[in-house]
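A short write-up of the structure that comes next.
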Amino acid sequence: MKVRTRIAPSPTGAPHIGTAYIALFNYAFAKHHGGQFILRIEDTDQVRSSRESEQAIFDALQWVGLRWDEGPDKGGPHGPYRQSERTAIYQEHSRKLVANGAAYPCFCTAERLATLRREQAAVKDGIQGYDGRCAALSAEETSRRIQAGEAHVIRLRVPPEGECVLQDGLRGEVRIPWNKVDHQVLLKADGFPTYHLANVVDDHLMEITHVMRGEEWISSLPKHVLLYKAFGWTPPEFFHLPLLRNPDKSKLSKRKNPVSILYYRRAGILPEALINYLGLLAYSFEDGREHFTLDDLAATFDIKRISLGGPIFDIQKLQAFNGRHLRAMPSDELFNRFKDWGLNEQAWLKILPLAQPRLNQLSDLVPLAAYLFADRPAYDPPALLAGGIEGERLVQLLRIAQWEIEKTAGWTLDAIKQIFGQIAEKENLKLKQLLPPFFVAIAGAPVSLPVFDSMLILGRDMTLRRMQYALEALDAQGFALKKDKLKEFEKTYRARYVGGE
RNA sequence: GCCCCCUUCGUCUAUCGGUCAGGACGCCAGGUUCUCAUCCUGGUAAGGUGGGUUCGACUCCCGCAGGGGGCGCCA
């Protein structure tokens with residue numbers, strides 16, 4: 001049997017470091033067994049998915065050197081590799097499930113479900129999940145309502161009792177009572193599949209033999225094996241890998257850590273160092289070596305050597321490994337790395353028009369532009385407040401800027417101008433009043449090259465990171481929004497910015 | 001609240017019942033270096049807890065505790 005593994009990211013937001021981490025093990029396993037590694041884009045969430053983000057995933061995975069054998073950009077015998085282009089396949093499979101009784105149409109509205117959830121939450125010790133109302137509908141009523149054009153989803157029929165016995169390649173047997181498994185929606189009212197249906201159908205059709213994915217999926221494994229069974233398919237082997245964590249041990253999140261692969265690239269992390277570090281998390285070589293390449297990992301990979309405690313993503317150690325790689329390089333190679341990284345003619349040609357009006361001597365240029373090549377610009381935290389905006393207010397403004405920056409479709413000068421123009425307007429500030437702290441956050445000083453152009457040059461991920469650095473600097477001075485206040489504020493923000501644009 | 005998973009230095013990990021519990025990052029100290037960094041040497045620091053099983057448990061089993069994940073027409 002030919003080994004086939006896959007990485008199946010969702011193109012929402014920045015390409016996640018966790019994607020590279022899971023992809024790494026899938027890649028290593030496939031290559032170790034002379035098999036194939038497939039990239040599939042899971043863009044069934046029409047609202048959150050974007051082509052821009054998909055492209056960023058391609059770039060990020062390519063950058064770290066995880067080459068896929070089949071994927072949306074290069075095709076293959078089992079395409080299309082983008083789930084949004086496979087809806088007919090899912091619908092057809094969904095029909096099969098309804099026909100053989102493994103699934104059923106459900107007409108319950110979002111409101112009823114919300115009420116149901118609220119009621120269930122109120123009952124202590126109560127059961128959770130769909131109550132199965134539509135599962136009991138007669139065939140006549142069901143078809144009559146469908147004929148009438150009533151909106152409906154397709155739900156998975158789950159055994160009412162008993163236990164689902166699962167096999168996880170790392171943990172062995174896992175048992176989950178069926179009555180704890182929800183009647184999962186498989187096909188949404190818009191005709192798009194949910195993760196569960198699309199994932200199972202695709203993994204089978206794409207002949208995936210080994211599924212290595214995040215541990216967060218283990219509790220939906222019963223649904224997945226049930227689906228394989230309902231289709232009459234042999235399930236692949238499953239391996240649930242431990243999740244990357246923040247220093248506080250929660251699941252790695254962008255609120256607490258930079259998670260964009262592109263940020264690390266911009267910050268000057270070498271792809272081979274990132275791979276080396278990621279491979280060190282949850283995995284160890286039998287011979288104890290700690291410095292290795294992707295090829296080394298693939299050559300010796302043994303999935304049984306994955307350890308199960310969720311590793312904390314430690315940026316400091318990543319930097320230490322990066323430094324070792326960097327220092328070991330011959331100068332000429334290092335020089336080439338700098339050029340690839342962005343210290344090149346192209347970059348200077350972008351910077352020069354901004355710097356030229358400010359030059360008196362040639363020697364002025366590099367100091368003026370230094371912050372564009374830094375990770376964290378150096379400044380005294382109080383400098384952020386010099387513009388006159390009070391600390392807590394500034395925290396709010398930085399947050400708003402982050403949310404708006406994440407939300408915006410393209411990263412262009414116009415988009416950036418619009419973001420800050422809008423913030424100034426909605427917050428009742430002149431741009432001139434709003435911007436000083438942003439100059440400091442981005443450039444490290446209240447005067448610098450134009451800040452919007454700087455953001456454009458730095459890129460979205462690095463811009464976001466500098467907002468985060470500024471928030472940290474403010475936090476150190478006692479200005480921060482605590483968890484609940486932040487949530488509250490985010491609601492206010494949504495109402496003002498997202499609702500009424 | 002319910003279900004599932006996990007548990008060795010601060011952090012990443014090694015250990016296939018018998019080890020002075022090893023390595024790496026961090027930190028500390030010393031050496032090299034015009035300074036700093038690098039590099040080298042040394043040090044610091046760990047088996048959550050209570051029961052079993054066993055001649056012997058970090059290692060196997062059970063309870064508890066702690067941590068994490070899941071409980072969406074998100075993935």
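The chains referred to below are lettered A, B, ... by the order of the sequence lines, with proteins before strands, and numbering in each begins at 1. Nothing here was measured: the structure is a model prediction, and the numbers come from that model.
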Using a 6.0 Å distance limit plus a 45 degree cone around the ring axis, check whether A:R155 lies over the aromatic ring of A:Y130. yes
Counting only N and O atoms by type, is there a donor-acceptor contact under 3.5 Å from the side chain of [X] to the main-chain atoms of [Y]?
X      : Y      : value
A:N257 : A:V259 : no
A:D296 : A:T293 : yes
A:S143 : A:E140 : yes
A:W68  : A:Y27  : no
A:Y264 : A:P258 : yes
A:H152 : A:C106 : no

Distance, [atom1] atom - from [M] to [N], rounded to whole angstrom:
N     : M     : atom1 : result
B:A14 : B:U8  : C1'   : 10 Å
B:A37 : B:G26 : P     : 13 Å
B:A65 : B:A24 : C1'   : 30 Å
B:U59 : B:U53 : C1'   : 13 Å
B:A21 : B:A45 : C1'   : 13 Å
B:U11 : B:G1  : C1'   : 33 Å
B:U7  : B:U15 : C1'   : 16 Å
B:G47 : B:C58 : C1'   : 5 Å

How would you label the contact of A:R289 with the nucleic acid (heavy atoms, under 4.0 Å): base, sugar-phosphate, or nothing? nothing
Does the side chain of [Y] come within less than 4.5 Å of [X]'s, by heavy atoms?
X      : Y      : value
A:Y81  : A:K74  : no
A:I146 : A:F107 : yes
A:L186 : A:L97  : yes
A:L24  : A:V64  : no

Which whole-number value in Å describes the distance from [X] [atom1] to [N] [atom2]?
X      : N     : atom1 : atom2 : answer
A:L244 : B:U11 : CG    : P     : 15 Å
A:W178 : B:C4  : CH2   : P     : 14 Å
A:E161 : B:C3  : CD    : C1'   : 18 Å
A:Y283 : B:U11 : OH    : P     : 24 Å
A:F292 : B:C12 : CZ    : C1'   : 11 Å
A:N322 : B:C12 : CG    : P     : 20 Å
A:F313 : B:U11 : CZ    : P     : 17 Å
A:K304 : B:A14 : NZ    : P     : 15 Å

Can you tell me the Watson-Crick or wobble partner of [N], both distances under 3.5 angstrom?
N     : value
B:A21 : none
B:C71 : B:G1
B:A29 : B:U41
B:C36 : none
B:C64 : B:G48

Could you pull out the protein-nucleic contacts involving nucleotides 31-38 of chain B (nitrogen or oxygen on both sides, under 3.5 Å)?
residue, atom, partner, partner atom, Å
B:U38, O3', A:R327, NE, 3.1

A:E92 and A:R95 ion-paired at < 4.0 Å: no
In B/S/- notation (B base, S sugar-phosphate only, - none; protein heavy atoms under 4.0 Å), nucleotides 57-75 of chain B written 5' to 3' is ----------SSSSBSBBB
Would you tabulate the nitrogen or oxygen pairs shorter than 3.5 Å linking the protein to nucleotides 22-30 of chain B?
residue, atom, partner, partner atom, Å
B:G23, N2, A:E290, OE2, 2.9
B:G23, N3, A:E290, OE2, 3.2
B:A24, O4', A:E290, OE1, 2.4
B:A24, O4', A:E290, OE2, 3.4
B:A24, N3, A:K317, NZ, 2.9

Just to verify, which of A:F292, A:F285, A:Y283 counts as forming a ring pair (Phe, Tyr, Trp, His ring centres under 6.0 Å) with A:F301? A:Y283
